[in-house]
Amino acid sequence: MTDSADDAARTLAGDAPALPLTGERTVPGLAEENYWFRRHEVVYLDLVEACRGRIVVDAGFGEGYGAALIAGAAAGVLGVDYDATATAHVARRYPSVQVTRGNLAALPVADDAVDAVVNLQVIEHLWDQEQFLRECHRVLAPGGRLLISTPNRITFSPGRDTPLNPFHTRELNAAELTELLVGAGFAVESMRGVHHGPRLAALDAKHGGSLIDAQIERALAGEPWPADLRADVAAVTADDFHLRTDGIDGSLDLVATAVKAP
């Protein structure tokens, strides 16, 4: 875990209210949301070095903590999001991020203008995934990289074609994500998966075989969480998740790096 990530989360303690927790985006600083926040945060932390010294677009920045984290290393970060409330929030809370409201299917960025596009846990929300990826290819300079993550359909909505999450339009497995990236003109440089590390594996066993299911059960019931579940979830850190190339079909989330040909 890095200090910069915690600093970004602590900015929520200012005079502006946090974004509401709707299920569509992850919000830091909430005990019951901490597992999902850390599961997203680990990918941002991993990708910071790929953004160092570069001009970056964070397409679909959500609450903004990840764009702010990247801004600490990048030469500049432009955050693009369609949600007016999120855009106003990020402009107020994370001044290191240049913010604009825009449609991800028509990015407000010139051709060949940026070194990297970051798109974490967003493409599954989009109706026209192909068009979005073509836009990423358009705005990237030759040799630029698209850094993208998305829930692994095989484990996130097992056995289903329709996503369980009502905010998702289409979830992908690794082969489907690869096909989309190649179809948009990218070369896939790497494909990794997010997995539970040993401490989370122990918590899975403690909470009936799945810490995720234990959280979802309480959320759906609309009842107070047991004290031990709340404490275990609140104590999760980014270090409890591992990114690996092996076992990709059993991973929780997919993390791909794709390159625009020079």
- Task: Measure centre to centre between the rings of Tyr65 and Phe37, then say whether the value is under 6.0 Å.
- Result: yes
- Query: Is the shortest distance from a Lys or Arg side-chain nitrogen in Asp239 or Arg199 to a carboxylate oxygen in the other one below 4.0 Å?
  - Reply: no
- Got a donor-acceptor contact below 3.5 angstrom from the Asn152 side chain to the Asp249 backbone? yes
- Task: Under the ring pair (Phe, Tyr, Trp, His ring centres under 6.0 Å) rule, collect the residues that match up with Phe241, sequence neighbours excluded.
- Result: Tyr35, His196
- Item | Nearest heavy atoms of Gln129 and Arg170, plus distance in Å | NE2-O, 3.0 Å
- Task: Taking all non-hydrogen atoms of both residues into account, name the closest pair between His137 and Lys260 and its distance.
- Result: O-NZ, 2.8 Å
- Is there a side-chain contact between Thr237 and Asn34, using heavy atoms and a 4.5 Å cut-off? no
- Note on the structure: d(Cys136 SG, Ile123 CD1) to nearest 0.5 Å is 7.5 Å
- Query: Which is it for Ile148 and Leu133 under the side chain to side chain contact (heavy atoms under 4.5 Å, CB included) test, yes or no, and what are the steps along the way?
  - Reply: CA-CA 10 Å; Ile148 186 167; Leu133 293 176; 4.2 Å; yes
- Message: Among Asp228, Asp213, Asp232, exactly one meets side-chain hydrogen bond (donor to acceptor under 3.5 Å, both in side chains) together with His207. Which residue is that?
- Response: Asp232
- Task: For residues Val236 and Leu200, determine if any side-chain heavy atom of one lies less than 4.5 Å from a side-chain heavy atom of the other.
- Result: yes
- Qualifying residues under salt bridge (Lys or Arg N to Asp or Glu O under 4.0 Å), relative to Glu32, sequence neighbours excluded: Arg230
- Message: If I compare all heavy atoms of Ala59 with all of Asn119, which pair ends up nearest, and what's the gap?
- Response: O-ND2, 2.8 Å
- Query: Just how far is it from atom CG of Leu177 to atom OG of Ser149, taken to the nearest 0.5 Å?
  - Reply: 9.5 Å
- Item | Student check: side-chain heavy atoms of Leu120 and Leu47 closer than 4.5 Å | yes
- Item | Atom pair CG (Leu69) and CG (Asp58), whose distance is rounded to the nearest 0.5 Å | 10.0 Å
- Can you get from Met191 to Val194 by hopping between Ile, Leu, Val, Met, Phe, Trp and Tyr side chains that sit under 4.5 Å apart? no
- Message: Between Asp240 and Arg38, does any NZ, NE, NH1 or NH2 come within less than 4.0 Å of an OD or OE carboxylate oxygen?
- Response: no
- Message: Nearest 0.5 angstrom please: Arg39 CZ to Ile212 CD1, how far?
- Response: 5.0 Å
- Item | Expected output: side-chain Asp81 to main-chain Gly62 donor-acceptor under 3.5 Å | yes
- Hey, any chance Ile70 and Ile55 share a hydrophobic cluster, counting ILVMFWY side chains that come within less than 4.5 Å of each other, even indirectly? no
- Query: Nearest heavy-atom pair of Pro142 and Pro262: which atoms, and what distance?
  - Reply: CB-CA, 3.7 Å
- Task: Is it possible for you to say whether Leu126 and Phe61 belong to one hydrophobic cluster, with membership spreading through side-chain heavy-atom contacts below 4.5 Å?
- Result: no
- Message: Whether the side chain of Arg218 engages the backbone of Pro224 through a donor-acceptor N/O pair (distance < 3.5 Å, no angle test) should be reported.
- Response: yes
- Query: Heavy-atom distance under 4.5 Å between the side chains of Leu180 and Glu130, does that happen here?
  - Reply: yes
- Task: Check the pair Tyr94, Val77 against side chain to side chain contact (heavy atoms under 4.5 Å, CB included), reporting the backbone distance first and the verdict last.
- Result: CA-CA 11 Å; Tyr94 303 114; Val77 175; over 6 Å; no
- Message: For a side chain to side chain contact (heavy atoms under 4.5 Å, CB included) check, start with the C-alpha distance between Gln131 and Arg134, then their side-chain angles and the critical distance, and finish with the verdict.
- Response: CA-CA 5 Å; Gln131 172 61 18; Arg134 288 193 293 268; 3.0 Å; yes
- Message: Quick one: does any side-chain atom of Glu176 pair with a main-chain N or O of Asn173 as donor and acceptor, under 3.5 Å?
- Response: yes
- Between atom CD of Glu135 and atom CG of Leu146, what is the distance when rounded to the nearest 0.5 Å? 12.5 Å
Under 3.5 Å, which donor-acceptor pairs link side chains of residues 97-108 to any protein atom two or more places apart or in another chain?
residue, atom, partner, partner atom, Å
Arg101, NE, Tyr82, O, 2.6
Arg101, NH2, Tyr82, O, 3.3
Asn103, OD1, Ala105, N, 2.9

- Looking only at heavy atoms, which two atoms of Phe186 and Leu140 are closest? And how far apart? CE2-CD1, 3.6 Å
- Message: Quick check: is Val255 connected to Leu252 through a chain of hydrophobic side chains (ILVMFWY, heavy atoms under 4.5 Å apart)?
- Response: yes
- Item | Shared hydrophobic cluster for Val259 and Val114 (ILVMFWY, side-chain gaps under 4.5 Å) | no
- Item | Side-chain donor or acceptor of Ser251 paired with backbone N/O of His195 under 3.5 Å | no
- Item | Gap separating the CD atom of Glu63 from the CZ atom of Arg93, nearest 0.5 angstrom | 9.5 Å
- Message: If I compare all heavy atoms of Gly60 with all of Val122, which pair ends up nearest, and what's the gap?
- Response: O-CG2, 3.2 Å
- Would you please test Leu172 and Glu179 for side chain to side chain contact (heavy atoms under 4.5 Å, CB included) and show each step? CA-CA 10 Å; Leu172 305 163; Glu179 182 179 8; over 6 Å; no
